[in-house]
Protein chains: 4
Amino acid sequence: MLIVMSAAADESDIQRVCDTIERLGFEARPIPGGQRTAIGVVGNDGPVDAGRFVGLPNVREVISVSAPYKLVSWEWKPTPTIIELPNGTLVGGGGLALMAGPCAVESRDQIFRSAELVAHAGGTVLRGGVFKPRTSPYSFQGLGLDGLRWMREAADAHGLAVVTEAVDPDSARAIADLADIIQIGARNMQNFALLTAVGELRVPVMLKRGMAATIKEWLLAAEYVLRGGNEQVILCERGIRSFDDMTRNVLDIGAIAAARTRTHLPIVADPSHGCGRRDLVAPLARAATAAGADGLIIEMHPDPSEALSDGAQSLYPAQLDALAIQLKRLREAMLD
Amino acid sequence: MLIVMSAAADESDIQRVCDTIERLGFEARPIPGGQRTAIGVVGNDGPVDAGRFVGLPNVREVISVSAPYKLVSWEWKPTPTIIELPNGTLVGGGGLALMAGPCAVESRDQIFRSAELVAHAGGTVLRGGVFKPRTSPYSFQGLGLDGLRWMREAADAHGLAVVTEAVDPDSARAIADLADIIQIGARNMQNFALLTAVGELRVPVMLKRGMAATIKEWLLAAEYVLRGGNEQVILCERGIRSFDDMTRNVLDIGAIAAARTRTHLPIVADPSHGCGRRDLVAPLARAATAAGADGLIIEMHPDPSEALSDGAQSLYPAQLDALAIQLKRLREAMLD
Amino acid sequence: MLIVMSAAADESDIQRVCDTIERLGFEARPIPGGQRTAIGVVGNDGPVDAGRFVGLPNVREVISVSAPYKLVSWEWKPTPTIIELPNGTLVGGGGLALMAGPCAVESRDQIFRSAELVAHAGGTVLRGGVFKPRTSPYSFQGLGLDGLRWMREAADAHGLAVVTEAVDPDSARAIADLADIIQIGARNMQNFALLTAVGELRVPVMLKRGMAATIKEWLLAAEYVLRGGNEQVILCERGIRSFDDMTRNVLDIGAIAAARTRTHLPIVADPSHGCGRRDLVAPLARAATAAGADGLIIEMHPDPSEALSDGAQSLYPAQLDALAIQLKRLREAMLD
Amino acid sequence: MLIVMSAAADESDIQRVCDTIERLGFEARPIPGGQRTAIGVVGNDGPVDAGRFVGLPNVREVISVSAPYKLVSWEWKPTPTIIELPNGTLVGGGGLALMAGPCAVESRDQIFRSAELVAHAGGTVLRGGVFKPRTSPYSFQGLGLDGLRWMREAADAHGLAVVTEAVDPDSARAIADLADIIQIGARNMQNFALLTAVGELRVPVMLKRGMAATIKEWLLAAEYVLRGGNEQVILCERGIRSFDDMTRNVLDIGAIAAARTRTHLPIVADPSHGCGRRDLVAPLARAATAAGADGLIIEMHPDPSEALSDGAQSLYPAQLDALAIQLKRLREAMLD
């Protein structure tokens, strides 16, 4: 950590910072600069709380040199984390896991047809919401546990694993009993009570990036889960908010590659929410694959025009089939 | 609502949209345009779920003409909502409520000194975190219920009301028993389980705007609380995320005035989190007041250089005294 | 176009809007809604200036249904524009044009070595700045015409085409005489005087997207050039500004696919400026290719550690060789 | 400046950085850290080009400790810059300059009526565009020199100064002959050819902040003008781009206060473009004043419903009168 003093700082201000550093058990290293002095903190092998310094007189800024996260980093675990699901699906470590299904489970029939179509396309994980976090209280809120049980049956009938979203600790525990991956949605990425709750479970967690979360905040949210003892975390890039209105979000493909440089956890992409438009899902899915994603989670509906939510971004079954073939080709081209 | 068809849409596509509109019990009004046809939805006095249309073939976009929220709107309640706290503080309706205190309750002594200083400056509500949502699991997480009890005692000793943040339904219920306002933080603005939980309580709720939430999403989050039967909601603008790194956030002063045109709920501003810098708190507090805010929530610490969190943005006691005087003057100048 | 009235609008307000529409020679179609009335504008086959309506009493918003651009759209030209450079390079229409070179021309020797290395990697266009728009007046500003002449010689020696940036009409004309593509940088995307100037030239123009420009604004900027009679425009996505600080910008891969749905112009990507980090250039270049880019413009320096600018994002020669092979494979996998 | 090495850096990497620092004539100060080493650059009293270091092996990041700008800073000139216009208007140094007028000069009559109305409200500077940078080539582009001459006459008839926008060096020189302030628009904030051109003139320049420009980039753009010898620069905050669609931009009130901490130049605000909505102009104008702005530039039209551009954000004459009174009151309240 580095504390940069303002030009107006005098000896006593600098001494006060040095004393504080030493009170914390670290070593202070002043670096006189042309316009101002900076003070390095030496000897900390973990993060230091910047809050102890920013308040001191004539401190201009505090720069964190060491990364604030630990368990998610390559320094902590130098080998890629590979998560194996009960049906044998591997997430991480070189393969490309294909997760697909409707935005929401709407009926027993709809999810059974969806499972069949996902399996037909070569997908191995069935997605579908049963507890829906909706922006408006007047929108469809999901079928709850009944929907989840249907989803489990449908997945088992076709050898698929199940991923669905939890909205609070209770739903997380219910999902842990019936599903294979607990999804934490973008709006809950910093719902620390929920992160702590899933950290105590022993079921894989898919953590979506918040729509205005920095990569560092995303990794720190994952750190909450690992710290609880649950090391099976999958990061999911799903698009960030921007000023453009032609797409719902901007899928931050670069974040997949950037996060990869910092963490051993598997990283997947959600091109459906990443753009909100059916016609852009395939190009973005290909792009995420080419950028090194470990998997994709894609919305597909047996009949998008009848979807109760997100119909505009759901692929038609035949489109999922075609996309799966393209992705397989791309993956092979990259491995050659 | 208006459904805009793509240029490629043919009669059958248009008919399909019209049929869907009528199946929903509304009237369809096609408007042939130069390049493409648009179809108006007539007869809906409440919001219509766009999801039913966006998935139909050759639908280019769906434009919501009516506002998606209802209970929070002026159409629903044409008079400003005024919230009266047990100590007589009024939030909304023309006054300027001053809420202040430390980022976090750190000790019994610290919160008692804080309460005395807030009262001395003319504040009537004591702020302080006891359940802290922190980006890093390694940062100070708050003192919990003990801290809250100390806060209640300190506030009572000086005739102040209490506002503190809830992080989940359990903490919300605990806060409802001991505090006067339950704060929902920016990271939880779309934690719908929490919004639903506080909607069932009968204690005022301060809902902070998410750092990338649109004003519409903010109002819809408030709609969740009102829909639960809790009509005492205070909106709080606390800064949005931007590309600039000179301040922590950008306090969206215009959002205070813009939201005012749409809702009867009181709106306050948090200039401390809005910028993250002590030296900008006063100008931003004055600006929010001049823009018509119903109140301010400001971080003040008896000794910022010793603060365990956010010391950099906490005012010194004397600065709060001086600011309170400036704000009083501004308010009078506006009322003249 | 659709004009949405506020709830307070009365008959006379609505009539005023209808009269204005008819004064402009169009037909007005009122659509009474549950909460408010909307008025459709029928009969315009070109864009209508919203400015004529937004100022009228009780007009809530004006929604443009027809696209505001024309010459760049598929409606105007249903076949992809393919630009052929003097050395035979085709940009658009299915191939992948590889443009590479240093951020800036630094010396005769450096640009000759660069040209040799670009050709060796299979690139066909040499990039390099001679007129540098720099954020700081104290940064290296480029070698000007001398640098451009060296660049031309170096390119000719290896059968390459030349692309370099213009910063004003004079430099644009000078570049038109010596280079094959005139680049308009992101900071000048809405420098309309410059857009108008290059519109009068007959040399291909590469128009970079502004770092906060919507796709619509980007296409309208291109419309300026086409309107001047210069139909050879290449769009270049180079990253948008975001809140994250781990990369310099966020390369908006989705914008490549989204713009493709609206325009016949070729679209290339600049992954180097898109992230600002050498280690992310390859994954982003692959991603842009997989998303359907018609070409890539990449920074490569014979010796990045000696680069006078942007050394951090310049590839080493061997990295460009390796990337070119990966891209060729990806492209083939997509064409199969 | 501080160079932070990656964890993988070895002695030779560190030595290479130190050697480079010393080759540049500075002193290198290594600071070994827990996870990685950082190297301080000592002895530079001006900015150092980070480009020399970022390219070196195992350099993780380069942190600029000293500000990159110089002439605009308080370190360079410790007293506020006050600009006096020919009609006696002072911009900077404690007063509040009121600049108002239509978005565009539309006719001789319209600008004469505007000047009369601005003077009536107590404004002392007449604004109005004659060279209009428009997003669409199909929008009204301005009346050019004729409009400017009418504007000069109208202003003189009422003792007003004139501010209007330049779009290139030629228009800047023409404006320098007839107007009192040359405006550089947000889209041209980094049009360095234009900045250099106005730097050679001796007429005050109003530099609008780009809609995605950091405060640092804004100050560096001003540095271009001062470096040319023109020290009369007025900074103008006019709103930044955000994700919200309820207002056209987000007026960054905090940037007025933040820039004030770094520069001696006067800072004004443009609430009209800052929000794009007439009903928010007054609250934002009051807010900017309360935050310490040295002036305001506001759009007012004799008859907004007839405006050829930006009618939606232009005040009615009576609204400008009322606002001017409010602002006077606020200013007095702040000075008491």
Side-chain angles (χ1 to χ4, degrees), chain A residues 16 20 46-47 49-57 59 62 68-70 103 131 133-141 167-171 187-196 210-212 216-217 220-221 223-224 227 240-241 278 301 303-314, chain B residues 16 20 46-47 49-57 59 62 68-70 103 133-141 167-171 187-196 210-213 216-217 220-221 223-224 227 240-241 278 301 303-314:
Chain A
R16 191 177 301 102
T20 307
D49 186 350
R52 303 294 292 109
F53 301 100
V54 281
L56 299 177
V59 165
V62 176
Y69 39 80
K70 190 168 155 186
C103 173
F131 302 104
R134 298 302 298 272
T135 299
S136 166
Y138 304 110
S139 300
F140 174 60
Q141 306 278 322
V167 294
D168 55 21
D170 291 344
S171 55
R187 292 172 180 74
N188 280 316
M189 190 199 87
Q190 291 189 310
N191 177 343
F192 302 114
L194 182 54
L195 293 175
T196 302
M211 58 190 131
K216 184 193 283 190
E217 290 167 333
L220 281 166
E223 186 88 4
Y224 265 91
R227 189 143 170 280
I240 55 175
R241 189 145 262 183
R278 179 182 302 124
H301 192 285
D303 184 352
S305 66
E306 291 302 315
L308 294 182
S309 57
D310 284 348
Q313 67 193 39
S314 297
Chain B
R16 192 177 298 104
T20 308
D49 185 350
R52 302 294 292 108
F53 300 101
V54 281
L56 298 178
V59 166
V62 176
Y69 40 80
K70 190 168 156 185
C103 174
R134 299 301 300 272
T135 300
S136 166
Y138 304 109
S139 300
F140 174 60
Q141 306 279 322
V167 293
D168 55 22
D170 291 343
S171 55
R187 291 172 181 73
N188 280 316
M189 190 198 88
Q190 291 190 309
N191 178 342
F192 301 113
L194 181 55
L195 294 175
T196 302
M211 60 189 127
K216 182 192 285 189
E217 290 167 333
L220 281 167
E223 185 89 3
Y224 264 91
R227 190 145 170 277
I240 55 175
R241 189 145 260 181
R278 179 182 301 124
H301 192 285
D303 184 352
S305 66
E306 290 302 316
L308 294 182
S309 57
D310 284 347
Q313 67 193 38
S314 297

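This one's a predicted model, so the numbers in the text were calculated from it and none came from an experiment. Throughout, a chain's letter reflects where its sequence line sits, starting with A, and its residues are numbered from 1.
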Exercise. Can you name the side-chain contact (heavy atoms from CB on, under 4.5 Å) partners of A:A312, sequence neighbours left out?
Worked result: B:V54
Exercise. Is chain A contacted by the side chain of B:F192, its backbone, both, or neither, given a heavy-atom distance below 4.5 Å?
Worked result: side chain
Exercise. Who are the side chain to side chain donor-acceptor pair (under 3.5 Å) partners of A:R16, not counting sequence neighbours?
Worked result: A:D13
Problem set entry | Check: B:Q190 side chain, A:T135 main-chain N or O, donor-acceptor pair, under 3.5 Å | no
Exercise. Which bit of B:N191 comes within less than 4.5 Å of chain A, counting heavy atoms only: side chain, backbone, both or neither?
Worked result: both
Exercise. What part of A:Q313 gets closer than 4.5 Å to chain B, counting heavy atoms only: side chain, backbone, both or neither?
Worked result: neither
Exercise. Under the 3.5 angstrom rule, does the side chain of B:R278 hit a backbone N or O of B:S314 as a donor-acceptor pair?
Worked result: yes
